[in-house]
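Hydrogens, waters and symmetry mates are skipped; everything else that's a heavy atom, side chains included, is used. When a ligand or atom number is given, it counts from 1 through the structure's own listing order.
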Amino acid sequence: MTDIYDLIAIGAGPAGESATELASFFGYRSAVIEKYRPGGTVTTSGGAPTKTLREAALYFWGFCEGDVYGLRMAAPPEIATDVIRKRTSSVCDLLQKVTAENIAKNKVDYIQGTARFEPGGSVVVSDDDGNHRNLRAKAVLISTGSRPFRPRNISFDIPGVCDTDTILQRGRVPKDIVIVGGGPVGVEFATICHVLGARVTILDRGTRLMPTMDAEMSACMEELFRKWGLRILFGSTAESIAAKGDGLQVKASTGESLLPDTVLFAAGRSANTDGLGLEAVGVDLDSRGRIVVDQSFRTSADGIYAAGDVLGPTLASTAMEQGRLAICHAFSIPFQGTVDPTPVSAVYSMPEVSGAGLTEAQCSERKLDYEVGRADLALTPRGAIAGRGGLLKLIFLKADRRLVGVHCIGDIASEIVGIGQMVIRCGGTMNTIANMSMNTPTYSYAYKYAAFDGLRRLVSSETETHV
Ligand SMILES: Cc1cc2nc3c(=O)[nH]c(=O)nc-3n(C[C@H](O)[C@H](O)[C@H](O)COP(=O)(O)OP(=O)(O)OC[C@H]3O[C@@H](n4cnc5c(N)ncnc54)[C@H](O)[C@@H]3O)c2cc1C
């Protein structure tokens with residue numbers, strides 16, 4: 001027997017969940033198939049566990065407060081690590097439960113099992129007990145996400161050699177860790193491990209940390225890391241790893257030999273396309289194994305769409321937007337048909353780094369005539385009270401003072417950039433910000449300082465031009 005749906009999503013991560021809930025809202029019979037847990041990477045090995053780990057580590061080791069009060073109250077590691085592990089797993093459980101409830105509340109059928117396509121385009125779901133179920137739908141969304149990329153020359157069977165999934169099951173806090181990859185995930189783990197007292201070395205092939213963020217934010221983070229004593233070896237990666245005594249011997253591509261107890265690979269993700277039967281239905285992949293889609297998130301096969309990490313690693317927010325859009329196109333739902341033009345992203349390091357809109361480099365590439373306004377978070381009333389600093393940077397066009405980018409490094413940068421993101425979306429200018437009343441004491445007050453700084457620079461550059 002075959003169950004007929006309007007929409008089937010394979011994978012209940014952010015992309016699959018948002019797509020099926022939207023379709024169901026508009027009256028389309030929808031199902032989401034999941035082989036593991038509701039919520040995808042967010043609730044299993046990504047956002048929720050890593051951010052809970054970070055929050056708990058900061059709390060237990062009094063990391064931030066120590067610098068302000070000169071007194072650090074740290075719990076003994078053997079007590080703290082057990083509490084942290086339990087806390088992390090209870091947060092993941094809660095979010096999985098909430099996701100499952102949302103799916104049910106939105107009248108989407110949740111089907112537990114592993115899905116694959118049959119040559120005719122139907123979808124077969126197999127559960128752990130060996131049962132099979134046939135489904136068919138007008139539209140199928142592939143939202144199977146991604147997994148950590150594992151380089152072929154490295155054996156992950158050696159104890160202590162981890163990827164971002166297996167590090168969470170390591171069972172002990174590293175004392176000396178080599179992190180391969182200085183992108184957002186590598187930087188997040190670097191701060192967590194530093195807070196937990198580990199000696200941290202980052203190997204990165206590139207020339208700066210977090211290359212997708214504004215370069216000034218990367219430079220601030222690098223400066224902080226070096227001040228804390230973290231080692232960063234740019235232009236390098238791990239060429240080989242072998243067990244040595246109780247630890248590991250890592251040969252870096254620069255020729256340096258390192259002796260950590262743990263190595264974490266946080267460089268790259270592979271799309272989850274294996275075993276889906278994509279060849280049978282004619283879904284094309286690119287040379288890196290990612291599904292190819294057009295602007296409407298249509299694959300090369302009729303009626304089959306794809307969204308989220310399976311197209312290339314992204315963020316939960318973007319995966320949700322892509323899922324939503326795919327379904328708008330699939331069912332001609334009269335909803336906004338473009339991905340949010342003001343992408344926002346955050347790195348939950350300590351301090352956080354976040355941005356929305358254009359970076360300086362992007363403005364230069366587009367040959368935009370722009371100016372920048374900056375504010376030191378330490379000089380805001382909230383920053384002074386908390387004893388914490390950071391930088392808020394606003395990028396605006398000289399011609400009409402329109403805000404086009406906001407970037408922040410600081411305590412709650414991921415929250416702070418939301419104000420700038422909204423100003424950008426609404427076409428606001430530096431005057432909008434300068435004339436807005438802001439709560440005080442808040443970090444957000446930095447917007448006013450940054451707006452006045454930017455306007456001052458603009459006026460002085462205009463004066464110079466006219467002299
Ligand atoms: C360590 C880490 C930290 C991160 N932190 C953040 C963050 O702070 N903020 C942020 O926005 N993003 C973060 N991300 C990125 C974010 O998690 C992903 O971009 C997002 O989860 C992608 O959503 P998705 O729906 O495409 O895929 P996923 O969330 O990966 O979900 C895919 C689902 O499909 C299921 N599946 C796969 N194959 C099948 C099959 N054949 N049948 C049935 N089910 C299947 C999988 O089990 C999985 O549950 C982080 C990622 C990592 C790795």
Arg37: what forms a salt bridge (charged side-chain N to carboxylate O under 4.0 Å, His left out) with it, not counting sequence neighbours? none

Output, or 'none' if empty, a list of ligand 1-protein atom pairs in which both atoms are N or O and the distance is under 3.5 Å, rounded to 0.1 Å.
{"unit_1": "ligand 1", "atom_1": "5 (N)", "unit_2": "Lys51", "atom_2": "NZ", "d": "2.9"}
{"unit_1": "ligand 1", "atom_1": "8 (O)", "unit_2": "Lys51", "atom_2": "NZ", "d": "2.9"}
{"unit_1": "ligand 1", "atom_1": "11 (O)", "unit_2": "Ala316", "atom_2": "N", "d": "2.9"}
{"unit_1": "ligand 1", "atom_1": "12 (N)", "unit_2": "Ala316", "atom_2": "N", "d": "3.3"}
{"unit_1": "ligand 1", "atom_1": "19 (O)", "unit_2": "Asp309", "atom_2": "OD1", "d": "2.9"}
{"unit_1": "ligand 1", "atom_1": "19 (O)", "unit_2": "Thr314", "atom_2": "O", "d": "2.9"}
{"unit_1": "ligand 1", "atom_1": "25 (O)", "unit_2": "Pro14", "atom_2": "N", "d": "3.2"}
{"unit_1": "ligand 1", "atom_1": "25 (O)", "unit_2": "Ala15", "atom_2": "N", "d": "3.0"}
{"unit_1": "ligand 1", "atom_1": "26 (O)", "unit_2": "Asp309", "atom_2": "N", "d": "2.8"}
{"unit_1": "ligand 1", "atom_1": "29 (O)", "unit_2": "Thr41", "atom_2": "N", "d": "2.9"}
{"unit_1": "ligand 1", "atom_1": "29 (O)", "unit_2": "Thr41", "atom_2": "OG1", "d": "3.4"}
{"unit_1": "ligand 1", "atom_1": "30 (O)", "unit_2": "Thr41", "atom_2": "OG1", "d": "2.6"}
{"unit_1": "ligand 1", "atom_1": "41 (N)", "unit_2": "Ala115", "atom_2": "O", "d": "3.1"}
{"unit_1": "ligand 1", "atom_1": "42 (N)", "unit_2": "Ala115", "atom_2": "N", "d": "3.0"}
{"unit_1": "ligand 1", "atom_1": "44 (N)", "unit_2": "Lys35", "atom_2": "N", "d": "3.2"}
{"unit_1": "ligand 1", "atom_1": "47 (O)", "unit_2": "Glu34", "atom_2": "OE2", "d": "2.6"}
{"unit_1": "ligand 1", "atom_1": "49 (O)", "unit_2": "Glu34", "atom_2": "OE1", "d": "2.7"}
{"unit_1": "ligand 1", "atom_1": "49 (O)", "unit_2": "Glu34", "atom_2": "OE2", "d": "2.9"}

Which atom pairs, donor and acceptor, lie under 3.5 Å between side-chain atoms of residues 181-188 and protein residues at least two apart or in another chain?
{"unit_1": "Glu188", "atom_1": "OE1", "unit_2": "Lys51", "atom_2": "NZ", "d": "2.8"}
{"unit_1": "Glu188", "atom_1": "OE2", "unit_2": "Tyr348", "atom_2": "N", "d": "2.8"}

Under the salt bridge (charged side-chain N to carboxylate O under 4.0 Å, His left out) definition, can you give me all pairs with a residue in residues 296-316, not counting sequence neighbours? Asp294-Arg298

State plainly whether the residues Glu223 and Lys227 are in salt-bridge range, i.e. N to O under 4.0 Å. no

Strictly below 4.0 Å, N to O, side chains only: are Glu55 and Arg87 in salt-bridge contact? no

From the list Asp109, Asp6, Asp3, salt bridge (Lys or Arg N to Asp or Glu O under 4.0 Å) partner of Arg29 resolves to Asp109

